[in-house]
There are 2 protein chains.
Amino acid sequence: MKKNELHKTNPNVSVDSVILGFDFNQLNVLLINRDSHQNEEDKILALPGNLIYDNEDLDMAANRVLRELTGIKDIYLDQIGAFGNPDRISKKSDRKWLESIRAHPDARVITIAYYTLVKMEDFVPQPSSFAKSAIWVPLNKVEELAFDHSEILESAVARLRKKIIIHPIGFNLLPNKFTLSQLQKLYESILGRVLDKRNFRRKVLKLAILTQLKEKETGVTHKPASYYKFNKVKYEALVKTGFDNFAF
Amino acid sequence: MKKNELHKTNPNVSVDSVILGFDFNQLNVLLINRDSHQNEEDKILALPGNLIYDNEDLDMAANRVLRELTGIKDIYLDQIGAFGNPDRISKKSDRKWLESIRAHPDARVITIAYYTLVKMEDFVPQPSSFAKSAIWVPLNKVEELAFDHSEILESAVARLRKKIIIHPIGFNLLPNKFTLSQLQKLYESILGRVLDKRNFRRKVLKLAILTQLKEKETGVTHKPASYYKFNKVKYEALVKTGFDNFAF
DNA sequence: TTGCTTAGTGTAAATACAACACTTTCAAAA
DNA sequence: TTTTGAAAGTGTTGTATTTACACTAAGCAA
């Protein structure tokens, strides 16, 4: 084909999701492996994703992928952007991945990447011999991924790091009730630095978007921490005032 | 077709660019009209864009669109994201636009949107009877655009507003030499509020990324302002220190 | 009862931000 | 030549925010 000629075959367009969860210690990403036959190239993991349907918009497609894989619906989802260098099918294993989502074999693939934050308790991967089993992998243990998924994952984390300073989306990663220390640990994991306990607590509580519960931790070998829950009503009210800084 | 069936026809994928320029008074966006026949539906303007080629990556395609239209190359470009509701071809005129970029007629169109900041002096649209003539339109005079381009334009401005607080990309919109008042006016245009002159100057100068020139304004009927230029070397050094706040 | 572990709390110094008014310099008009 | 208009340029002060820092409280286990 002549260089720079318009394509005759339209590209495949898929949606891939970076699904992040927090295990009270570090961030984890949900990855899938194609099947359980452990050939060398089958060990390469990928972000969950699929081709978009004709009749759904992009956000719907991302929601569908999340729902089909985990059963979770109506969750916070944010588009990272489009990826798709023409030479992105570089690894031996990438072709197999493409077959598995029934992509047009001759066309390039462009993917619209999303990231989302979920409570890990909402999805516990089942040990399975089925194709496409999913596993939680701690961010610092992630190895090379299929296609350009490593790059997408990196973008997602960078985006989250910026966004969490401005919007308290971190609450999506925690159970409904949580302690201030858990919240602080979450922020430290995302931002990659330790925070001053007193300053953190003062700042969070001053926002007045948390409700302190009467309940406390039990069974711990130290002073039990008080549980809090996220107060969505107060948060919405706060946003309306033009609030835009949650910086630590 | 059955609902939620995978598409048989891959979507068209195009790149659209929000090209912004500053005329020392307000922000302008570069729009094109399809041809000079002034039928009613031909008056609808659109963002410049085109289908991506088979062998180019997305950023390259956006650069190409910018270069083909204006001759400008190697400019700051930032991806906004992907747009493309399946029902986005809503207006009578939209089909004509699609024909003009030779899109596959039966497939939906997904577009990857970019925005870029240019010096208006670098591109002066020529009055033309050719198809697809381009014009600078002040942001507050923009009417309904083709497809979902109004939504894309809105996203671009919102993105710029956030980004300019953190990165001094505003210099891309000004000539090489400019006065502090021009710079302030630019920030006021983007942020949509007036800024205190003394506080603005103190803050900008403290960053030490501007070099004051010996040259002053001439021919003005008031005290002539000193010219400054952007010092890229000092800026890069500043970024390395972890600087991330240019807030006003 | 002692020891270990994490929860929970206040203050002071340094820094950043916001508000505010007058003098200077040029060109044009009187 | 003098006056006028118009924007450039310049510091200070009060307020709010950020940072740094150390001890007591409460539970469980040994």
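Proteins come first, then strands; the chains are lettered A, B, ... in the order of their sequence lines, and each starts at number 1. Being a predicted model, the structure only gives us computed values, none of them experimental.
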**Report entry** Under the salt bridge (charged side-chain N to carboxylate O under 4.0 Å, His left out) test, residues paired with A/Lys185 that sit two or more places apart
**Finding:**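 Salt bridge (charged side-chain N to carboxylate O under 4.0 Å, His left out) check on A/Lys185 returns nothing, list empty.
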Query raised in the report: Considering residues at least two apart in sequence or located in another chain, which fulfil the salt bridge (charged side-chain N to carboxylate O under 4.0 Å, His left out) criterion with B/Lys177?
Result: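 Expected list: B/Glu215.
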Query raised in the report: Which residue pairs satisfy the salt bridge (Lys or Arg N to Asp or Glu O under 4.0 Å) criterion with at least one member in residues 152-162 of chain A, sequence neighbours excluded?
Result: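 Checked against salt bridge (Lys or Arg N to Asp or Glu O under 4.0 Å) - neighbours excluded - no pair reaches residues 152-162 of chain A.
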Requested in this report: With sequence neighbours excluded, give me every salt bridge (Lys or Arg N to Asp or Glu O under 4.0 Å) pair touching residues 113-125 of chain A.
Outcome: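 Output for this query is empty, none listed.
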Report task. Under 4.0 Å between any heavy atoms, over every strand shown, what does B/Ser226 touch: base, sugar-phosphate, or nothing? Just pick one. Result ->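 Touches sugar-phosphate only.
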Report task. Using a 4.0 Å heavy-atom cut-off across all strands, classify B/Ser181 as base, sugar-phosphate, or nothing. Result ->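 Sugar-phosphate, no base atom in range.
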Between protein and nucleic acid, restricted to nucleotides 14-17 of chain D and to nitrogen or oxygen atoms under 3.5 Å apart, what atom pairs and distances do you find?
none

In whole Å, what is the span from the [atom1] atom of [X] to the [atom2] atom of [N]?
{"X": "B/Phe200", "N": "D/dA7", "atom1": "CZ", "atom2": "P", "value": "17 Å"}
{"X": "A/Gln184", "N": "C/dG8", "atom1": "CD", "atom2": "C1'", "value": "12 Å"}
{"X": "B/Phe178", "N": "D/dA7", "atom1": "CZ", "atom2": "P", "value": "20 Å"}
{"X": "A/Arg201", "N": "D/dT19", "atom1": "CZ", "atom2": "C1'", "value": "18 Å"}
{"X": "B/Leu195", "N": "D/dA7", "atom1": "CG", "atom2": "P", "value": "17 Å"}
{"X": "A/Lys185", "N": "C/dT5", "atom1": "NZ", "atom2": "P", "value": "16 Å"}

Report task. Spell out protein contact along nucleotides 19-27 of chain C as letters: B when the base is contacted, S when just the sugar-phosphate is, - when no protein heavy atom is under 4.0 Å; keep the 5' to 3' order. Result -> BBB--BBBB
Query - Within the 6.0 Å centroid threshold, strictly below: B/Phe24 and B/Phe178 - result: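 Distance test on ring centres: not under 6.0 Å, no.
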Query raised in the report: How far does CG of A/Leu45 sit from NE2 of A/His149, to the nearest 0.5 angstrom?
Result: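 Rounded to the nearest 0.5 Å, the CG-NE2 separation comes out at 11.5 Å.
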Query raised in the report: If you take all heavy atoms of B/Tyr187 and B/Leu195, which pair is closest and at what distance?
Result: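 Closest approach of B/Tyr187 to B/Leu195: CB-CD1, 4.0 Å.
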Query raised in the report: When you measure from the side chain of B/Asp148 to the backbone N and O of B/Glu151, does any donor-acceptor pair fall under 3.5 Å?
Result: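 Side chain of B/Asp148 to backbone of B/Glu151: no pair is present.
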Query raised in the report: Can you tell me if B/Asn63 and B/Tyr114 form a side-chain donor-acceptor pair at under 3.5 Å?
Result: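 Short answer, no.
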